[in-house]
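The figures that follow rest on heavy atoms only: side chains count, while hydrogens, waters and symmetry mates do not. Keep in mind that what you see is a predicted model, and the values were worked out from it rather than measured. The sequence lines fix the lettering, A, B, ..., with proteins before strands; numbering per chain opens at 1.
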Protein chains: 2
Amino acid sequence: MVLKHKHDHDACIETALEAAQKICEERETRFTPLRRRVLELVWSKHEPITAYEVLDLLSEGQKRVAPPTVYRALDFLIEEGFVHRIESLNAFVGCSDPAHKHQGHFMICTKCSNVTEMNERSLHDVIEAAAKANGYSYENSILEIAGICENCRN
Amino acid sequence: MVLKHKHDHDACIETALEAAQKICEERETRFTPLRRRVLELVWSKHEPITAYEVLDLLSEGQKRVAPPTVYRALDFLIEEGFVHRIESLNAFVGCSDPAHKHQGHFMICTKCSNVTEMNERSLHDVIEAAAKANGYSYENSILEIAGICENCRN
DNA sequence: GATGACTTGATATTCTATAACATTCAGGGC
DNA sequence: GCCCTGAATGTTATAGAATATCAAGTCATC
Ligand SMILES: [Zn+2]
Ligand SMILES: [Zn+2]
Ligand SMILES: [Zn+2]
Ligand SMILES: [Zn+2]
């Protein structure tokens, strides 16, 4: 995998886990060992990871877990805003800004599979305006843009 | 189902079929009876329809067809731009402007399931600009906005 | 009527996700 | 401590979505 910027990914994972831990304490929701482990596995790649890939990793060195175990943990993590689901890939990715609940908008590189989360207020506003212009109230939106990232073009 | 505007849906279907027929003649692609029938079934509701719903309808009064039959026909129709896939619903919907190939952007009513296709150049431009701003080349994009339509709010 | 490209049929399997019910675990009141 | 309760996890089975593979049919062209 080609990372956009080389970095200490272990630290990257650790930061995400600590942030989640802290948020759960504030919200008084339960960041159980299982949920923590699943979040860790989602962050183990910068690429989106499928539920069954998580399942395989989670099952290493122990009795194989069943799908509901993974899906329930993912549901919790999505609900809390620590993970986003990428609809076009049936896959999951850690959120880059878990402190503020939001719908993620994504760029997906078709070469290296890296994903960039865009949290641009302006983009969100344009989308909401488009909904209103078409007579719809706005609830949420999925935006997934496929393209080739800077790294892969060079 | 609540239609946004009451209309003669049979005529609506017929128009879509004729448009497809004409485009295929121009492109010299094969609008076979099966493909025609699948497009007709996709248009049979204004709501998105799943591949297996198409399969069930297609199988009525005859030997049950197999999934690849439906998926191949849908692939063709998508390729030609007569049908769009709604990622967030694993479902398919007829394109409102088949004459011009494009990526569809959609509003989806969470109450009545009606879908509105938005083909607004400005929206497309904003999305493409956002991709560029994040260092990505643009290939295509999925935009699916959930909300409640005008009818359902009244 | 043989050739080859495309389309459809048929069988099996893979991948994704959820339903339903049992068991375990954490915390609060007694 | 013990019981109660609700949440979390375990377990089994099934549903839902999509594809791989190979066989058979169709159709235009040589
Ligand atoms: Zn996010
Ligand atoms: Zn890339
Ligand atoms: Zn369209
Ligand atoms: Zn509606």
Side-chain angles (χ1 to χ4, degrees), chain A residues 20-21 24-25 27-42 45 47-80 82-93 113 142 144, chain B residues 20-21 24-25 27-42 45 47-80 82-93 113 142 144:
Chain A
Q21 173 97 45
C24 284
E25 279 166 14
R27 294 180 188 158
E28 298 186 37
T29 54
R30 295 177 56 192
F31 196 51
T32 64
L34 175 65
R35 290 166 174 174
R36 181 189 178 88
R37 176 73 179 130
V38 169
L39 181 57
E40 187 181 10
L41 291 172
V42 169
K45 310 198 293 179
E47 299 169 64
I49 188 169
T50 70
Y52 278 75
E53 284 172 343
V54 171
L55 198 161
D56 288 341
L57 293 170
L58 191 56
S59 300
E60 279 180 5
Q62 65 165 96
K63 186 164 183 294
R64 185 170 178 81
V65 303
T69 299
V70 172
Y71 280 102
R72 283 189 294 228
L74 287 171
D75 286 346
F76 171 84
L77 297 171
I78 289 168
E79 178 65 28
E80 294 293 328
F82 305 154
V83 166
H84 295 294
R85 181 181 153 79
I86 310 286
E87 295 291 337
S88 61
L89 302 175
N90 290 342
F92 304 85
V93 67
S113 298
I142 293 158
E144 297 170 12
Chain B
Q21 173 96 47
C24 283
E25 279 167 13
R27 293 180 188 158
E28 298 186 37
T29 54
R30 295 176 56 190
F31 196 51
T32 64
L34 175 65
R35 290 165 175 174
R36 181 189 178 88
R37 176 72 179 134
V38 169
L39 181 57
E40 187 181 10
L41 291 172
V42 169
K45 310 198 292 181
E47 300 169 61
I49 189 171
T50 70
Y52 279 74
E53 285 171 342
V54 171
L55 197 160
D56 288 342
L57 293 171
L58 192 56
S59 300
E60 279 179 4
Q62 64 163 95
K63 185 162 184 294
R64 186 171 178 78
V65 303
T69 299
V70 172
Y71 281 101
R72 284 189 292 226
L74 287 171
D75 286 347
F76 172 84
L77 297 171
I78 290 168
E79 178 65 28
E80 294 293 328
F82 305 153
V83 166
H84 295 293
R85 182 182 152 81
I86 311 287
E87 295 291 337
S88 60
L89 302 175
N90 290 343
F92 304 84
V93 67
S113 299
I142 292 158
E144 296 170 13

Spacing between [X] atom [atom1] and [N] atom [atom2], to the nearest angstrom:
X       : N      : atom1 : atom2 : answer
A:Tyr71 : C:dA20 : OH    : P     : 18 Å
B:Leu74 : C:dT7  : CG    : P     : 15 Å
B:Leu58 : C:dA10 : CG    : P     : 12 Å
A:Tyr52 : D:dA17 : OH    : P     : 14 Å
B:Leu55 : C:dT8  : CG    : P     : 15 Å
B:Arg35 : C:dT7  : CZ    : C1'   : 7 Å
A:Leu34 : D:dA7  : CG    : P     : 17 Å
A:Phe76 : D:dG6  : CZ    : C1'   : 15 Å

Contact under 4.0 Å: A:Lys63 side-chain N or O vs D:dT11 OP1/OP2: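 For A:Lys63, the contact criterion (side-chain N or O under 4.0 Å from OP1 or OP2 of D:dT11) is met.
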
Under 4.0 angstrom between B:Thr69 side-chain N/O and C:dG9 OP1 or OP2: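 Yes, such a contact exists.
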
What nucleotide, of [options], holds the atom closest to the side chain of [X]?
X       : options                : answer
B:Thr32 : D:dA18, D:dT11, C:dT7  : C:dT7
B:Thr50 : D:dA17, D:dA18, C:dA17 : D:dA17
B:Pro68 : C:dT11, C:dG9, D:dT11  : C:dT11
B:Ala51 : D:dT11, C:dT11, D:dA18 : D:dA18

Whichever of A:Pro67 and A:Ala73 has its nearest DNA chain D nucleotide further upstream toward 5':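 It is A:Ala73 whose nearest nucleotide is closer to the 5' end.
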
D:dG10 base / A:Arg64 side chain donor-acceptor hit below 3.5 Å: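 Under the 3.5 Å cut-off, the side chain and the base do not form any donor-acceptor pair.
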
Minimum-distance pair of heavy atoms, taken over all atoms of A:Val65 and A:Leu55: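 Closest heavy-atom pair between A:Val65 and A:Leu55: O-CD2, 3.4 Å.
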
Expected output: side-chain B:Glu87 to main-chain B:Ile142 donor-acceptor under 3.5 Å: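 It does not hold such a pair.
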
DNA chain C: 5'-proximal contact among B:Arg30 and A:Ala91 (nearest heavy atom):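 It is B:Arg30, whose closest nucleotide lies nearer the 5' terminus.
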
Most 5' of B:Arg72 and A:Asn90 on DNA chain C, judged by nearest nucleotide: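 The residue whose closest nucleotide sits nearer the 5' end is B:Arg72.
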
Ionic contact status for A:Glu53 with A:Lys45, cut-off 4.0 Å: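 Counted as a salt bridge, because a side-chain N and a carboxylate O are separated by less than 4.0 Å.
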
Student check: side-chain heavy atoms of A:Leu41 and A:Leu58 closer than 4.5 Å: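 The answer is yes; the side chains approach within 4.5 Å.
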
Lys NZ or Arg CZ of A:Arg36 over A:Phe31 ring: under 6.0 Å, within 45°: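 No, a cation-pi geometry is absent between A:Arg36 and A:Phe31.
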
